[in-house]
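See structure below.
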Amino acid sequence: MKKKLRFFSLFIGLFSVFLLSACQKNTRNVYQEVKKSNEITWGVKADTRLFGLMSIKTGKIEGFEVDLANALTKEMLGKNAKANFVQTTAKTKIPLLKNGNIDAVLAAMTITPERKKQVDFSEPYFYAGQSLLVKDDSNIKSIKDMNGKTALAVKGTTAVANVKKFAPKAKVLEFDDYGQAFTALKAGQGQAMTTDNGLLAGIATENKGYKLVGGTYTNEPYGIAVNKGQTQMRNKINQALNKLKKNGTYDALVKKWFSGVPGFNIKEAEGEK
């Protein structure tokens, strides 16, 4: 009888610890934590030119989203606040956010109904749309020309479903990252690489002999993601983003990274028609 009581007491104790841990996790207020530490840890891309790319010279991740994260951090917490960066991919950004390894994701993340079930998004900070990158001598002019052809895309992105929607007869090869997908395009494994126009613009500026064609065939704005239920953090990000747009900082950052890219429409990216 005593053994049963000991076992029952041990079970109750472990169950109480589990409940306490779960409650603490659910009641976590990320904004209050970053306010106290004066630091925000952002999940960013490190393989995407113009948005976030690891610099060989500095050993740091550089790009539009990194600059925007730095500006948002100082707007939210003050000029002495620090922005930390963690490299993420299409497959790791949500798990890292859910596990508390990062406070927010600023990594060319398209706002979708499916993702809204897992995370909360800020207002759009970049109005992207899917496009095609092809070789200069390609006969591909638009997404419709991809029927019967092979498109190259990255796993975990919205690109695959969109190709199937607009070119049902197209074949899609999926890769782990954009570098692998572009290498496949150079090798002739497909006729076009497809993803957001901003990401393709970065690749085109780095590699002569390639161009964007057909304009954008989707409307897929990027948003900053925070964990589900972190309303205060999301609201503070939105407030800071709006201030940066009003004081000209946001426009200056967009022009810094995208001005001069052939065929790229800055006003469209900023949400202006």
Side-chain angles (χ1 to χ4, degrees), residues 44-54 63-65 87-95 105 107-115 126-223 257-258 261-265 268-269:
V44 296
K45 302 183 75 64
D47 64 348
T48 309
R49 184 164 296 278
L50 301 181
F51 286 87
L53 185 69
M54 183 65 72
F64 166 66
E65 290 178 326
Q87 179 179 346
T88 64
T89 66
K91 293 189 294 183
T92 65
K93 52 193 173 188
I94 291 181
V105 178
M109 193 172 180
T110 305
I111 301 171
T112 67
E114 190 61 32
R115 286 174 176 164
F126 191 91
Y127 290 80
Q130 198 164 324
S131 190
L132 298 172
L133 181 71
V134 301
K135 294 180 178 180
D136 280 345
D137 60 356
S138 174
N139 293 322
I140 301 296
K141 303 298 181 184
S142 71
I143 184 62
K144 293 181 180 179
D145 295 330
M146 290 304 297
N147 281 304
K149 308 293 183 181
T150 300
L152 310 170
V154 172
K155 297 176 183 176
T157 66
T158 56
V160 179
N162 287 331
V163 171
K164 291 296 185 182
K165 179 180 179 180
F166 292 94
K169 296 181 181 179
K171 179 182 178 182
V172 182
L173 295 182
E174 299 180 60
F175 299 86
D176 288 330
D177 57 48
Y178 296 101
Q180 291 181 22
F182 182 64
T183 297
L185 178 63
K186 290 193 290 185
Q189 294 182 38
Q191 286 69 48
M193 177 178 170
T194 182
T195 187
D196 303 334
N197 57 335
L199 306 188
L200 293 179
I203 297 173
T205 57
E206 176 74 357
N207 300 275
K208 291 183 178 180
Y210 293 87
K211 61 183 180 181
L212 277 71
V213 296
T216 57
Y217 56 91
T218 63
N219 179 30
E220 302 180 84
Y222 297 162
W257 290 99
F258 296 95
V261 177
F264 190 85
N265 189 323
E268 183 181 60

* Output all residues satisfying side chain to side chain donor-acceptor pair (under 3.5 Å) with Glu206, sequence neighbours left out; order by chain, then residue number. => Arg49
* **Flag, side chain of Glu65 to backbone of Val44, donor-acceptor distance under 3.5 Å** => no
* Asked: Can you list every pair that meets salt bridge (charged side-chain N to carboxylate O under 4.0 Å, His left out) and has a residue in residues 173-188, with sequence neighbours left out?
  -> Lys91-Asp176, Lys155-Asp176
* To do: Using side-chain contact (heavy atoms from CB on, under 4.5 Å) as the criterion, list what pairs up with Thr112, not counting sequence neighbours.
  => Thr110, Glu114, Arg115, Thr158
* Structure fact -> side chain to side chain donor-acceptor pair (under 3.5 Å) filter on Thr89, not counting sequence neighbours, yields Thr92
* Asked: By side-chain contact (heavy atoms from CB on, under 4.5 Å), which residues pair with Ala159, not counting sequence neighbours?
  -> Gln130, Ala153, Thr157, Thr194
* To do: Please identify each residue that fulfils side chain to side chain donor-acceptor pair (under 3.5 Å) with Asp196, with sequence neighbours left out.
  => Tyr222
* Asked: Restricting to pairs with a member in residues 174-200, which pass ring pair (Phe, Tyr, Trp, His ring centres under 6.0 Å), not counting sequence neighbours?
  -> Phe182-Tyr210
* **Residue pair Glu220, Asn162: steps toward the side-chain contact (heavy atoms from CB on, under 4.5 Å) verdict** => CA-CA 11 Å; Glu220 302 180 84; Asn162 287 331; 3.1 Å; yes
* **Residue pairs fulfilling ring pair (Phe, Tyr, Trp, His ring centres under 6.0 Å) with at least one residue in residues 149-170, sequence neighbours excluded** => Phe166-Tyr217
* For Asp145, side chain to side chain donor-acceptor pair (under 3.5 Å) partners two or more places apart -> none
* **For Lys164, side-chain contact (heavy atoms from CB on, under 4.5 Å) partners two or more places apart** => Val172
* Listed partners of Lys144 passing salt bridge (charged side-chain N to carboxylate O under 4.0 Å, His left out), at least two apart -> none
* Just jot down the salt bridge (charged side-chain N to carboxylate O under 4.0 Å, His left out) partners of Lys165, sequence neighbours excluded, or say none. => none
